[in-house]
Number of protein chains: 2
Amino acid sequence: MNWEERLSRAGWRITMPRRVVMWVLQQAGHPLSPQEIHARGRRFHRSLGLVSVYRALAVLEQVGLVRRVHREDRCDGYILASPGHHHILLCRGCGRTVEFPGAEDLSGLIAHVERRTGFRVEDHLLQLVGLCPPCRGSRLRSRPSGWETTGQEK
Amino acid sequence: MNWEERLSRAGWRITMPRRVVMWVLQQAGHPLSPQEIHARGRRFHRSLGLVSVYRALAVLEQVGLVRRVHREDRCDGYILASPGHHHILLCRGCGRTVEFPGAEDLSGLIAHVERRTGFRVEDHLLQLVGLCPPCRGSRLRSRPSGWETTGQEK
DNA sequence: CTCTTAATGAAAAATTTTTTCAAAAAGAGT
DNA sequence: ACTCTTTTTGAAAAAATTTTTCATTAAGAG
């Protein structure tokens, strides 16, 4: 099911601003701020307003098509979300963003924390930051399936 | 070593605004925004400026005495940091924040991710959100050592 | 094609964060 | 304690970000 269908089924209309935001994020492959999305989006859709970018992001995030990226200094970046709960791996060199599944790998840690604190853990926020192969200067390896790059392959 | 010593050794002066920010965060035990810190801080130090709160937070964070808390909707909360790299467990009921060590528990996951993506992982951001014992309505359990509550025990 | 309702864009308002700069105060050395 | 140098402060202004308002436009169901 494509994003338009998902959006539509969730009761939202397929509009130009929303389409543009999706296009832009698709092509970027790394987190973009509302400002950046707006700037790039205008190339496709001249009259695009910044407000609409904010509104589109809010809707798309709610539907799970877009994800906010949290970095130590700024938290205004958005990337395309692959379906399901994924985590984010961010290259500090080029900003390239990869999502990966693996909530399972956290279950041990979570169980441990629950035992020791008495908390009931309901949700988590996990992001990894590092260097991608090109930025490390090493040769690129094949990327196995299930590990999708957010956005277009370069 | 207390925080004043740590700050001092890092080359910073012990000033009233910095002291007030530490006091306020100590007493709160849950994330506070600069605004909130400012409001509470004025009770101790009438002339405290909001700007100084921002500046104090920047310095204290850099020295590792204070940590920023990332939540889905807002990322402007700060808590006292216990020494070392800890993770944050946040109660969505009362906001109570507990830090826990456990970078080790992530090493498996990180190794896995590195193998599959070719990235070299350098840092991570992990936060858990859940319900603390009081907010779940259950009896409070003892909190083992090494699991410190940020701020004052209630 | 029409009609209803959601969504848009522009402007204004509200918030949040940063910059600037003269005055105050930390703290090292008398 | 007192002096001196340098950092730090607080206020105001500026910049940047996000939200609200509202008349107009355009989705998409019928």
Side-chain angles (χ1 to χ4, degrees), chain A residues 2-24 31-63 65-78, chain B residues 2-24 31-63 65-78:
Chain A
N2 60 19
W3 70 266
E4 280 139 303
E5 212 172 321
R6 292 226 277 145
L7 195 57
S8 194
R9 289 197 186 178
W12 303 97
R13 292 182 180 176
I14 312 303
T15 68
M16 194 51 74
R18 288 167 192 167
R19 235 175 257 165
V20 170
V21 168
M22 290 297 285
W23 286 342
V24 167
L32 294 179
S33 68
Q35 297 279 357
E36 293 169 318
I37 295 170
H38 180 232
R40 300 187 184 201
R42 290 194 107 158
R43 296 188 204 136
F44 300 97
H45 182 50
R46 276 308 183 54
S47 67
L48 179 66
L50 176 58
V51 202
S52 299
V53 173
Y54 275 100
R55 288 188 283 221
L57 286 171
V59 168
L60 295 170
E61 182 174 31
Q62 197 192 290
V63 177
L65 291 167
V66 141
R67 208 186 298 289
R68 208 222 284 223
V69 177
H70 297 259
R71 290 183 271 190
E72 272 317 325
D73 49 332
R74 29 187 352 220
C75 300
D76 61 351
Y78 289 83
Chain B
N2 59 20
W3 71 266
E4 282 142 299
E5 212 170 322
R6 293 225 277 145
L7 195 56
S8 194
R9 290 197 188 178
W12 304 97
R13 293 183 179 175
I14 312 301
T15 67
M16 194 50 74
R18 287 167 191 166
R19 234 175 259 164
V20 171
V21 169
M22 290 297 285
W23 286 343
V24 167
L32 294 179
S33 70
Q35 297 280 357
E36 292 168 320
I37 294 170
H38 180 231
R40 298 186 184 201
R42 289 194 108 158
R43 296 188 204 137
F44 300 97
H45 182 50
R46 275 309 183 53
S47 68
L48 179 66
L50 176 58
V51 202
S52 298
V53 173
Y54 275 99
R55 289 188 283 222
L57 286 171
V59 167
L60 296 170
E61 182 173 31
Q62 198 193 289
V63 177
L65 291 167
V66 141
R67 207 185 300 289
R68 209 222 286 221
V69 177
H70 297 260
R71 290 182 271 190
E72 273 316 325
D73 49 333
R74 29 187 352 221
C75 300
D76 60 351
Y78 289 84

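A, B, ... follow the sequence lines: proteins, then strands. Residue 1 opens every chain.
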Quiz item: For the residue pair A/P31 and A/V69, what are the closest heavy atoms and their distance?
Solution: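 Heavy atoms of A/P31 and A/V69 come nearest at CG-CG2, 3.9 Å.
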Practice problem: Determine: side-chain N/O of B/T15 to OP1/OP2 of D/dT8, distance under 4.0 Å, yes or no. | Solution: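 No, because none of the side-chain N or O atoms of B/T15 sits under 4.0 Å from OP1 or OP2 of D/dT8.
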Self-check item: Contact residues, residues 42-50 of chain A to DNA chain C [heavy atom, < 4.0 Å]
Solution: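 Correct list: A/H45, A/S47, A/L48, A/G49.
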Quiz item: Where each residue is assigned the nucleotide of DNA chain C containing its nearest heavy atom, which of B/R74 and A/V53 is assigned the position nearer the 5′ end?
Solution: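 This one resolves to A/V53.
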Sort and list the pairs that fulfil side-chain hydrogen bond (donor to acceptor under 3.5 Å, both in side chains) and have at least one residue in [range], not counting sequence neighbours.
| range | value |
| --- | --- |
| residues 32-42 of chain A | A/S33-A/E36 |
| residues 3-19 of chain A | A/E5-A/R9 |
| residues 46-61 of chain A | none |

Exercise. Give me the first and last nucleotide of DNA chain C, going 5' to 3', that has any atom under 4.0 Å from a heavy atom of chain B.
Key: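 First-to-last contact on DNA chain C, by the 4.0 Å heavy-atom rule, is C/dT16 to C/dG27.
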Practice problem: Kindly compute the distance separating CG (B/L32) from OH (B/Y78), expressed to the nearest 0.5 Å. | Solution: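 Reported value, rounded in 0.5 Å steps: 12.0 Å.
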Self-check item: Global bending angle along the helix from C/dC1-D/dG30 to C/dT30-D/dA1, which compares the axes of five pairs at either end, to 10 degrees
Solution: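 Answer for the end axes of this duplex: 50°.
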Self-check item: NZ/NE/NH1/NH2 to OD/OE distance under 4.0 Å, B/R74 and B/D76
Solution: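 Here B/R74 pairs with B/D76 in a salt bridge, since their nearest N and O are under 4.0 Å apart.
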Practice problem: With heavy atoms under 4.0 Å as the rule, sort A/R18 into base, sugar-phosphate or nothing. | Solution: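 Sugar-phosphate, backbone atoms only, no base.
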